[in-house]
Amino acid sequence: MGRFASGPEFALRFDGLSQAQILESGTETALDGNADRMRGGAARKAKRAMIIRESVKIGDKEITIETGRIAKQAAGSVLVSCGETMVLVTVCGNKEARPGAPFFPLTVDYVEKTYAAGKIPGGFFKREARLRDHEVLTSRLIDRPCRPLFPDGYMCETQVIATVMSADGSNQSDVLAMVGASAAIHISPLPWAGPIAGVRVARVDGKLIANPTYQEQENSECELIIAASKDAIVMVEGEANEMSESDLIAAIEFGHQSVQGVLELIEKIREAVGQAKWPFTPHQRDSKIDARVKEAALPKVIEACNIAEKHPRYDRFSEIKKEVVAELSSDFPDLEGDIKAAYEDLRYNTMRAQVLDDKRRVDGRDYKTVRPIAIEVGLLPRVHGSSLFTRGETQGIVTSTLGTRQDEQKIDGLIDEYWKPFLLHYNFPPYSVGETKFLRGPGRREIGHGTLAERALTKVLPSREDFPYTLRIVSEITESNGSSSMATVCGGSLAMMDAGVPVKAPVAGVAMGLIMEGEKYAVLTDILGDEDHLGDMDFKVCGTDKGITAIQMDIKIAGLAQEIMHEALDQAREGRLHILEKMNEVMASPRPELSKYAPRIETLKVKPDQIRVVIGPGGKMIKAITEQTGAKIDITDDGTVSIASPDGEALKKAIEIIESLTLEPEIGTKYKGIVRRVENYGAFLEIAPGKDGLLHITDMDWGFVERVPDVMDLGDEVEVMISDIDREGRIRLSRKALLEKPEGYVEPERKERRDGGGRGRDGDRGRGGRDRDRGGRGGRDRDRGGRGGARAGGRDGDRDRGRGRDRDRGRERSRDRDRGGSREGGSKDSEQKD
């Protein structure tokens, strides 16, 4: 495969076709990649038949662009690959404009096919459905830098589709789709002022990396997606760990330099196979209309431009438009559309001139002043955390809700499934701008704005180990006139602190604007809606007092000089610090306690092999704990158990149950056991769920105990201590060890062990306390006299001869069947003699 480094080293490669296929005429030519050697119609046919595949390096990653083999009926199509990740990008467009289109009807869809990663879609229908959030965000990333490069007034319907065909789990496909969209549009006949190229920039251990792999990105201090033309940056979006402005500029410049080779490659492919662009001439108005509109409306427009409030200003602009149309319709019949367009241009130019020449903004502010800010926290009494953030005519009610691991969102990603513990949802109802429309699901704008705010706040969240909660932020925009996404960032930070979330630092955001005419320009802090629509840049910057956590920049002009970007970032920092100061006056740090309505979550660790004990067969145990306490319990594969409940007592009870399930008994440990079974020789106590021990009658008291019921009955709670654990794990308990020894107490004399005996550990049959009890296996003692009824009496009487109890209950049968002696080294014969 050929390589492209720079200019003269470039060589195109034409693959897969014979000379006869490429040239249908008899023209002889060498297929050396120089399409200019082909003559007349043969050259045009050859261009349509060429398969071009060429590569270029971005950093240490090689990107290959191919065209001419797939989707040949599209206006433009390319296959872009890096490693084993491949994206097919196509563009189609209509030649005729859509009648009455109010804006350029460009549609961009980025689609991830699960077969690309060797997966079958989940769900009932087993096929791809609506775009996931990541696909919507990538579609926006492609749309935003490409849209401004179509000519003003171009209203022909255009569609770009980027389809991920193969995904290797290492190389990311979104920037490949952006490169592919640029290449496909550039070689198509659609009029366009490209190309642009996209790159992802990471910084690992202080080193900047272009197009990092998924693995490299995990260790990065930032993630920036940059779109650039040859001479300028046109779009930036991403996040960072409190990065300084100077470091951000360095990363953006690194990205700009990294895409230069790709831009040259796209230009060379365009020269080789690009189609002639469709002619497009913008509609030309009669200059007399512009002059008459200016004469009739300019003084009124200047007056309206200085109405500070949004709706009165808009109402006045609407009135002026109606007056101008009514006045000029008779002089320019059937040209009402041109009259309205001339009026909108007059309004646009007047507002911009006022900012640049008079240094006065629509609402009377200077370039750097932030609108008045009002803040309330704890607005909604029953939610876990809430804030009302108002900045000028932009307002949002933002809430935070704490949940457990069970509330995490499962994301069925292209490569892997994963769980998302932090969610931010942004809602923009129509009443926020005084309009009426159907309420539907979130659109692309809502998803994009919410993701920007989510990125900004993610960087200050506590670690999962320190704060094992699922956290959901919801922003309800109640008024909008300029950057409601930045109000969401500020309100979200306050709502988390109001809920008691231990964030590392407060986060604020501010939207910057730019108006530029020739050499004159103005960088505006905290822009209004009008300044957004009529300006040349929308630049949103979020961060703490230490640095930037998220950024989004869209440039509507050809590019942005580095000096202006520096100025915009420095001015944004001033505005951000001002907003943070206002926030700190209301709430400078998180509340010391969580909301009383929020669940309390405690975590404890168990050994991985104990997880099955907590869960139980078929989940019976964990369900029983939940039913008994009302707590939510979640267990991860590493043995981390999270217990959540708003009731402190229920939480404590659930923890005690789980700890008892997973305890590992130790000699000398004290427990409160419950009597579960009573035998003549002792009682079996449950010291923990599923764990029993034998409390022998001789260990119940320092004095002589004739009958177990004299000391305890079924269901009694008795404090005991583990006195012994044998090699088989059977537990021996003692109650008397916890009682004060009577004054003058004398230990009873131990009897010598008899031949052929061995029923007791010391051969002492009288007491039975050291008898080899067959029942020490966690509550299911196999003492051959401990099964109750006649058997119990026979066996126990045989072993308790010293006490002279119950010898009339079939001693001979007991001796016949008792196998304790033979197991300890005796024999049946010796037992018979005994």
Side-chain angles (χ1 to χ4, degrees), residues 132-134 136-137 239 374-391 394-411 419-433 437-462 467 469-480 483-503 506-509 540 542 549-550 552 583 586-587 590-591 594-599 601 644 646:
R132 297 184 291 260
D133 283 1
H134 173 68
V136 169
L137 295 170
E239 58 192 82
I375 297 171
E376 295 179 49
V377 293
L379 176 71
L380 307 176
R382 289 292 303 202
V383 304
H384 299 162
S386 64
S387 69
L388 176 65
F389 183 87
T390 306
R391 187 186 60 238
T394 297
Q395 183 185 77
I397 296 176
V398 190
T399 63
S400 61
T401 306
L402 303 179
T404 68
R405 285 185 181 270
Q406 297 175 12
D407 297 310
E408 292 181 357
Q409 182 183 12
K410 182 181 180 181
I411 304 296
W419 294 89
K420 191 175 179 184
F422 180 60
L423 313 170
L424 194 149
H425 297 146
Y426 166 98
N427 298 317
F428 194 84
Y431 66 75
S432 64
V433 288
K437 69 175 183 180
F438 289 112
L439 283 176
R440 294 290 183 264
R444 293 189 173 190
R445 177 182 178 276
E446 284 83 357
I447 293 173
H449 279 38
T451 300
L452 174 61
E454 183 179 294
R455 284 174 172 160
L457 296 175
T458 299
K459 301 305 178 182
V460 299
L461 293 177
F467 193 73
Y469 287 85
T470 297
L471 180 59
R472 182 187 184 220
I473 307 295
V474 179
S475 174
E476 304 286 354
I477 300 304
T478 52
E479 291 185 51
S480 180
S483 195
S484 53
S485 62
M486 297 298 94
T488 298
V489 171
C490 301
S493 179
L494 291 162
M496 287 194 295
M497 292 193 292
D498 183 50
V501 179
V503 295
V507 181
K540 299 181 177 74
C542 312
T549 58
Q552 183 182 93
M583 292 168 59
V586 177
M587 179 167 282
R591 296 194 188 279
L594 294 179
S595 164
K596 63 181 179 181
Y597 300 114
I601 297 181

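All residue numbers in this chain count up from 1 along the given sequence. Note that this is a predicted model, so its numbers are computed, not measured.
Residue pairs meeting the salt bridge (Lys or Arg N to Asp or Glu O under 4.0 Å) criterion with at least one member in residues 469-479: none, sequence neighbours excluded. Evaluation of the salt bridge (Lys or Arg N to Asp or Glu O under 4.0 Å) test over residues 377-391, restricted to residues two or more places apart or in two chains, returns Arg391-Asp526.
The two residues Gly450 and Leu424 make their nearest non-hydrogen contact at O-CD2, 3.6 Å. For the pair Gly500 and Pro590, the tightest heavy-atom approach, listed with the atom from each and the gap, is C-CB, 4.4 Å. Closest heavy-atom contact between Ile473 and Phe422: CG1-CE1, 3.7 Å. Residues Thr451 and Ile447 come closest through the heavy atom pair OG1-O, 2.8 Å. What you find for Ile477 and Ser480 is that their closest heavy atoms are CG2-CB, 4.1 Å.
Proximity of Thr470 to Trp419: side-chain heavy atoms (C-beta onward) are nowhere separated by under 4.5 Å. Side-chain contact between Leu494 and Met497: present, with at least one pair of heavy atoms (C-beta onward) separated by less than 4.5 Å. Contact check for Asp498 versus Arg591: side-chain heavy atoms found under the 4.5 Å cut-off. The side-chain heavy atoms of Leu471 and Met496, taken from C-beta on, include a pair separated by under 4.5 Å. Looking only at side-chain heavy atoms (C-beta outward), Phe389 and Thr394 stay at 4.5 Å or farther from each other.
If you take CD on Glu454 and CG on Asp133, they are separated by 9.0 Å, rounding to the nearest 0.5 Å. One distance of note links CD of Glu239 with SG of Cys542; it measures 11.0 Å at 0.5 Å rounding. Distance check, rounded to the nearest 0.5 Å: CG of Leu452 to NE2 of His449 gives 8.0 Å.
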In a table with atom names and distances, give each donor-acceptor pair under 3.5 Å that connects a side chain of residues 396-404 to protein atoms at least two apart or in another chain.
from, atom 1, to, atom 2, distance (Å)
Ser400, OG, Ala495, O, 2.9
Thr404, OG1, Gln406, N, 3.3

Only distances under 3.5 Å count here; give the side-chain donor-acceptor pairs of residues 483-493 to other protein atoms, sequence neighbours excluded, each with its distance to 0.1 Å.
from, atom 1, to, atom 2, distance (Å)
Ser484, OG, Tyr426, OH, 2.5
Thr488, OG1, Ser475, OG, 2.8
Thr488, OG1, Ser484, O, 3.0
Ser493, OG, Val507, N, 3.1

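Taking the ring-ring contact (aromatic ring centres under 6.0 Å, His included) definition, one finds that His384 meets it with nothing, sequence neighbours left out. Residues forming a ring-ring contact (aromatic ring centres under 6.0 Å, His included) with Phe467 (at least two apart in sequence, or on another chain): Tyr469.
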task = Apply side chain to side chain contact (heavy atoms under 4.5 Å, CB included) to Tyr597 and Val383, showing your working.
result = CA-CA 7 Å; Tyr597 300 114; Val383 304; over 6 Å; no
